[in-house]
Every structure is written in structure tokens, then in C-alpha cells.
Amino acid sequence: DQQVKQNSPSLSVQEGRISILNCDYTNSMFDYFLWYKKYPAEGPTFLISISSIKDKNEDGRFTVFLNKSAKHLSLHIVPSQPGDSAVYFCAASAYRGSTLGRLYFGRGTQLTVWP
Amino acid sequence: NAGVTQTPKFQVLKTGQSMTLQCAQDMNHNSMYWYRQDPGMGLRLIYYSASEGTTDKGEVPNGYNVSRLNKREFSLRLESAAPSQTSVYFCASRPGLVSYNEQFFGPGTRLTVL
């Protein structure tokens, strides 16, 4: 049962435009959310995170928005650059209960930024 | 500071062979994790170790065993490899369970079972 869902396997955006990657979750115990970026033949690298006490977190060109009532988060990249082309994974964690410390990952979205 | 290292980078096995994937971290992290990544499936947790001396099953533990050798090292063993275990394996570590922080990943081991 997929607790974190990324329903768009791919996204193509022109350089300079905004990229919006979406993620939905089902487990109401999740209270910490992360985005990872992965290039081919490399391990995932942490990009940005947000805790459930916030609805927005910003780091340079990257902003994550959290809508707890809809169990939805999104990653905005503005402006998009060709070097942003990678697979982006959404992940969630719960710091209460038996799932303490585990990350649950979505299936990823392949972002392609073209010139 | 190498972060999380994994050996080997690539491995080809025949069905029924055994092997151990090695992982080490030099960040003094308490928690360590093993994931597998398959096309279209994202990252799925195999086993994790919350702290030295403890291990727990993840989402897809069948066919695997783990050993938390010490605080630095966490190995994953395939006793009798099957073609279904063809995958890319990632090890990760994290400072501890009781704080909000990310996991740090190694570069991966690409395993093919024929």
C-alpha cells in the first residue's frame, strides 16, 4: 500500500519557467516531509524538507508547500535550469509511533528542463 | 569526510549464489538503512538499524539479512540470490531517531542476478 504517491512519472519544463512537482500522502501520522533529487548512477541527495507545523519552506530557487488538510505537498523550482533535470523523490516520516525514523518514498518524478 | 560509502559498485551473481553488500559511514550517525530501487517503484526499505545493536525489518525484507557490525558499518547479505533481487541497493544513514533530519545516501550498488 503506497503511503506516499507521486502521480506524475515525468514532467518537462522549459528553462526559466517554474517546475511544480506534486506529492500526496495517506498516513495522517506523517509529520515531516522531504524532497530528494537523484541523478543517474548516483545516490539520492537531500534537497529540502518541511515539518507539519509549517505550510511553506523556502531555500533559494526551491520552495516546498504543505497542505495538511489535503494531505498534499508540492515542490516549486523557480527558475528551472537544465541542471535540475533529475528524478525527484518525495518522502515522509512520522516521529510518533512504531514507524519512528523510517522514510516512506514516492515512486519519483523525472523532471526534464529543456533549453 | 567520505559520508556513506558502499562496496562493491557493481556485482553480477548467478541464481543461488550468496554475497554481502558493505556499507560504512563516517558521520557518527546512529541510524542506518538499506533500500532497493527498482524501475517505477521508488525506494523501498529492506532493513534498518535504529542504533548499534538493533535491526528491524522494513517493507521488503524477504531474502535478506543484515548485520550492524558496529556504529559505522551496516551490511546486507543475500544468502541465495534470485533474479527478483536484481536491483540497485542504497545504504543511508541518519544522526538519530529523535530529531527531524534527513537521511544521507551512499552511491549505490548495482546488482544483477542471472
Side-chain angles (χ1 to χ4, degrees), chain A residues 1-10 21 23-25 27 30-54 57 59 62 64 66 86-110, chain B residues 2-10 21 23-25 27 29-51 54-61 74 87-110:
Chain A
D1 183 27
Q2 194 85 8
Q3 299 188 54
V4 177
K5 300 178 183 178
Q6 293 177 258
N7 291 321
S8 299
S10 63
L21 293 88
C23 178
D24 297 293
Y25 61 96
N27 189 338
F30 289 151
D31 60 357
Y32 188 57
F33 304 90
L34 309 90
W35 286 94
Y36 280 82
K37 180 168 72 174
K38 186 183 178 307
Y39 293 119
E42 295 183 10
T45 54
F46 170 72
L47 190 57
I48 192 170
S49 64
I50 188 168
S51 75
S52 59
I53 62 173
K54 296 184 175 182
N57 189 27
D59 183 2
F62 302 90
V64 56
L66 176 63
V87 177
Y88 289 78
F89 290 102
C90 173
S93 186
Y95 284 80
R96 299 180 295 271
S98 62
T99 57
L100 195 69
R102 289 177 54 170
L103 285 181
Y104 293 81
F105 283 86
R107 296 185 176 185
T109 297
Q110 171 68 59
Chain B
V4 179
T5 56
Q6 294 182 234
T7 55
K9 286 187 166 46
F10 301 94
L21 282 66
C23 174
Q25 51 89 12
M27 297 175 283
H29 286 173
N30 288 301
S31 303
M32 297 185 74
Y33 308 81
W34 275 106
Y35 293 90
R36 61 178 287 174
Q37 186 198 7
D38 302 294
M41 295 298 292
L43 290 151
R44 293 183 292 172
L45 184 65
I46 306 171
Y47 269 94
Y48 65 108
S49 172
S51 60
T54 68
T55 60
D56 287 284
K57 294 179 180 179
E59 184 183 357
V60 287
F74 188 38
S87 188
V88 181
Y89 291 86
F90 291 102
C91 177
S93 71
R94 184 172 166 274
L97 288 181
V98 291
S99 57
Y100 291 82
N101 43 42
E102 69 271 21
Q103 293 180 14
F104 296 80
F105 283 81
T109 295
R110 184 173 296 273

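In what follows, chains carry the letters A, B, and so on, assigned in the order in which the sequence lines appear, proteins first and then strands, with residues in each chain numbered from 1.
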- [ ] Answer with side chain, backbone, both or neither: which region of A:Ala91 has an atom nearer than 4.5 Å to a non-hydrogen atom of chain B?
- [x] neither
- [ ] Heavy-atom distances under 4.5 Å only: say whether B:Leu43 touches chain A with side chain, backbone, both or neither.
- [x] both
Task: Pairs of heavy atoms under 4.5 Å with chain A: top-ranked of B:Gly40, B:Ala92, B:Cys91 - done: B:Gly40
TODO: Check whether any side-chain heavy atom of B:Phe90 lies under 4.5 Å from a side-chain heavy atom of B:Gln6, and answer yes or no.
DONE: yes
TODO: Specify whether B:Trp34 and B:Phe74 have parallel, tilted or perpendicular ring planes, treating 30° as the upper limit for parallel and 60° as the lower limit for perpendicular.
DONE: tilted
Open item on the list: If I measure from the heavy atoms of chain B, does A:Pro9 come under 4.5 Å with its side chain, its backbone, both, or neither?
Closed with: neither
Open item on the list: With heavy-atom distances below 4.5 Å as the criterion, would you say the side chains of B:Val4 and B:Met32 are in contact?
Closed with: no
- [ ] Answer whether the closest heavy-atom distance between the side chains of A:Tyr25 and A:Leu66 falls below 4.5 Å.
- [x] yes
